[in-house]
Structures are given as C-alpha cells and as structure tokens.
Amino acid sequence: MERRTLGTNGLQVSAQGLGCMGMSDFYGPLDDAESMATLARALEQGVTFFDTAEMYGPYKNEELLGRFIAGKRDKVEVATKFGIVRDPANPQRRMFDGKPENVRRSIEGSLKRLGTDYVDLYYLHRVDPATPIEDTVGAMAQLVKEGKVRHLGLSEAGPETLARAVKVHPIAALQTEYSLWTRDPEDGVLAACRQHGTGFVAYSPLGRGFLTGQIKRFEDLAQDDYRRFSPRFQGENFQKNLDLVARIESIAKEKGVTPGQLALAWVKAQGEDIVTIPGTKRRKYLDENLGAEAVTLTADDLKRIDAAAPKGAAEGLRYPAAVMGAIAK
Ligand SMILES: NC(=O)c1ccc[n+]([C@@H]2O[C@H](COP(=O)([O-])OP(=O)(O)OC[C@H]3O[C@@H](n4cnc5c(N)ncnc54)[C@H](OP(=O)(O)O)[C@@H]3O)[C@@H](O)[C@H]2O)c1
C-alpha cells in the first residue's frame, strides 16, 4: 500500500484509509462482527489510516474502533472529529460547538472511547459560526502541546476559514466530500490546501455508495438510512444520477475494473496530496476498494472520465439545503 503525507509537518498515512462511520451509523443494518473483521483485514492489507468521529453512533463508532486498535496502537493512524453535538436521545438534532470548553471536553471522551492517550489527527467536524475559528484552533493547538493530539484538521471548511486557521497552527488535513459526483473542492478548497501546505482527505469518494452502481432503487435503502434524506437519492434526481453512473460504468468496463474502483482511482489521481477514505463494513467491499490502488488512469482516461462526469453533473444537492448552509467559507 502506497503511503502519502498529509501536511507540511508530515503525517504519513496509507494512501487509502478506511471510513468507519457506516459501521455504526447512517447506512442501514449494522454488524459489529463483520465490521471488526473488515478492520482487521484492512490492516492486514496495509490500510493504517482509520477515520471516525465522536458523533458517529453517537460515540459507538469510536468505541468500536477503540476495541479494534487495542494492542495495535503503534500500527495505526487514528483520525477522529469533534464539534457536531448530537443528543443520544434525539440523534437527528445536531448543533455545532467549536468553543474551547467543548474542545477540551470532547478530546477526553474520544481518548477514553478509543482507549488511547493520543489521536494522530483531530478534526473540527464543522466550523461553528458562533465561535471564531482562531479560538477553536487555539484550543486544539493546546492539545498538541499536551501530547493528546499529533496533528490538526478541519472538515468542510472553506478557503477563508483555512487561511485564518493556519495563522494559529498548521492544519495537516482538510476533509471534505470529493468524488466524481461532488467536485466542489475544485472551486478553491484544493487550491487553498496546496497554498497552505494542508493535505486533503476525500470523504464519501464512492458518492455514499451510489457510484459503485450497486444502489438501483431508493426503496432498497433501509427506512432509517441517511441517504433517504439526501436530495441526490430522491425522486427524479435518483434516476438522472443513475445515468451518470451508467457513463462511469461503461468506461470502467472497458478498463476491466468496477465503477467503484474507477471512482476511487479518479480521486486518487487528482493529486499526491490526496488521501481517500472509502467507507465499508464488509470485507468483500473492502477488497474491491483496495483493488483501486492498482488502477492506473492515463491522461486520456482522465479526459474521458471528465467528459462523462463533468463538474456539476450530479442532480440534487449533496446535503439537504438547510444543512448546506453549515458549510463554512
Ligand atoms: N467529514 C464529514 O463530514 C464526513 C461525512 C461523511 C463521511 N465521512 C467519512 O468518510 C468515510 C467515507 O464516506 P462514506 O462512508 O460516507 O461514503 P462512501 O465511502 O462514498 O460510500 C460508503 C457506502 O458505499 C458502500 N460501499 C463501499 N464500498 C462498496 C463497494 N465496493 N461496492 C458497493 N458498495 C460499497 C458502503 O456499503 P456498506 O456500508 O454496506 O459497507 C457504504 O454504504 C466515512 O466512513 C466517514 O468516516 C466524513
């Protein structure tokens, strides 16, 4: 497995990480035993970069990952996030909290659940509009001084926020959705990362599973599946987006790979500073996704893929309109 470096302070991680969110939340039925087996297989195959967050579960995903990394701490890089506060009694309700008190409270809980005394990469999950980013990052920087955190990250922050944050402390990674149906980071975020020596972590690189071509009908999603609330999965958008997947599928077929592998290879090909974190709770999908690491895309392939899935090709917003407002500038 290729290693890539995030940020100028050199956080080395596997070029493909593993998104653990779906093991505890959001995407249908859970199976802890298969999730644990998937984590183990990932590590065996050279995946060392594991992505979780306080709010996944909430808390359960950090606990699951904590069980897995017990006794293996020096072999893995653990990334977690704070700043989206969910009420376990009413998990649909969310608030953003980037206050210094919450930074300190959150890290203690995460370390405990993960069963470790440090995290490799600590992200602010969403920028809190009520707290200046300098205050949040200042409190996060204090955790680096205390040795509880090795590197800092931001999630869904825009160029202006990143520019302010790096004045307080280097930001090793910015994590944002990036895939063949979400090319928003090309509008300034990727350039800002390069300007500030910040690595880029692409989340939902499989378009929350849609780009694999395996999701054929809205009705097949479990009643509580988060994707039912995503505009891209609803009504006519779903059908139109299937056309986009069909175009990706046809190029994948010619290359002798799966559409998911093509989608992952495309993200990886967008820069040496980009790391993908596809999410799965199944060994079968993990194996397929790792196969993407061997896929080479020529300049001609990239041109054709770009024509098949140009910027803005997906129908519907990537989050409901009310949630899109939470993306920071
Ligand atoms: N910073 C943020 O705000 C944010 C937001 C979302 C996600 N994330 C992080 O990014 C990670 C990845 O994103 P994601 O999980 O949302 O989306 P994703 O990686 O684009 O897709 C995950 C979905 O695709 C399915 N899948 C994976 N590999 C497949 C394959 N080879 N064939 C068919 N289906 C496949 C998974 O199914 P199964 O679940 O059944 O395995 C899951 O439902 C998350 O786990 C999380 O750690 C961060």
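Numbering of ligands and ligand atoms starts at 1, following listing order.
- Ordered by chain and residue number, the residues placing a heavy atom less than 4.0 Å from ligand 1 are Gly19, Cys20, Met21, Tyr27, Asp51, Tyr56, Lys81, His125, Arg126, Ser155, Gln175, Tyr203, Ser204, Pro205, Leu206, Gly207, Arg208, Gly209, Thr212, Gln214, Arg227, Ile277, Pro278, Gly279, Thr280, Lys281, Arg282, Tyr285, Glu288, Asn289, Tyr319.
- Using modelled atom types and a 3.5 Å distance limit, the side chains of Tyr178 and Glu186 yield a donor-acceptor pair.
- A cation-pi contact links Arg228 to Phe218, judged by a cut-off of 6.0 Å to the six-membered ring centre and 45° from its axis.
- Counting only residues at least two apart or in different chains, salt bridge (Lys or Arg N to Asp or Glu O under 4.0 Å) contacts with residues 135-147 comprise Glu146-Lys148.
- With sequence neighbours left out, the side chain to side chain donor-acceptor pair (under 3.5 Å) criterion links Ser24 to Asn61.
- Taking His125 as the reference, Tyr56 meet the ring pair (Phe, Tyr, Trp, His ring centres under 6.0 Å) condition, with sequence neighbours excluded.
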Assess whether salt bridge (Lys or Arg N to Asp or Glu O under 4.0 Å) is satisfied between Asp287 and Arg282, documenting all intermediate values. CA-CA 9 Å; Asp287 287 346; Arg282 304 169 207 227; over 6 Å; no
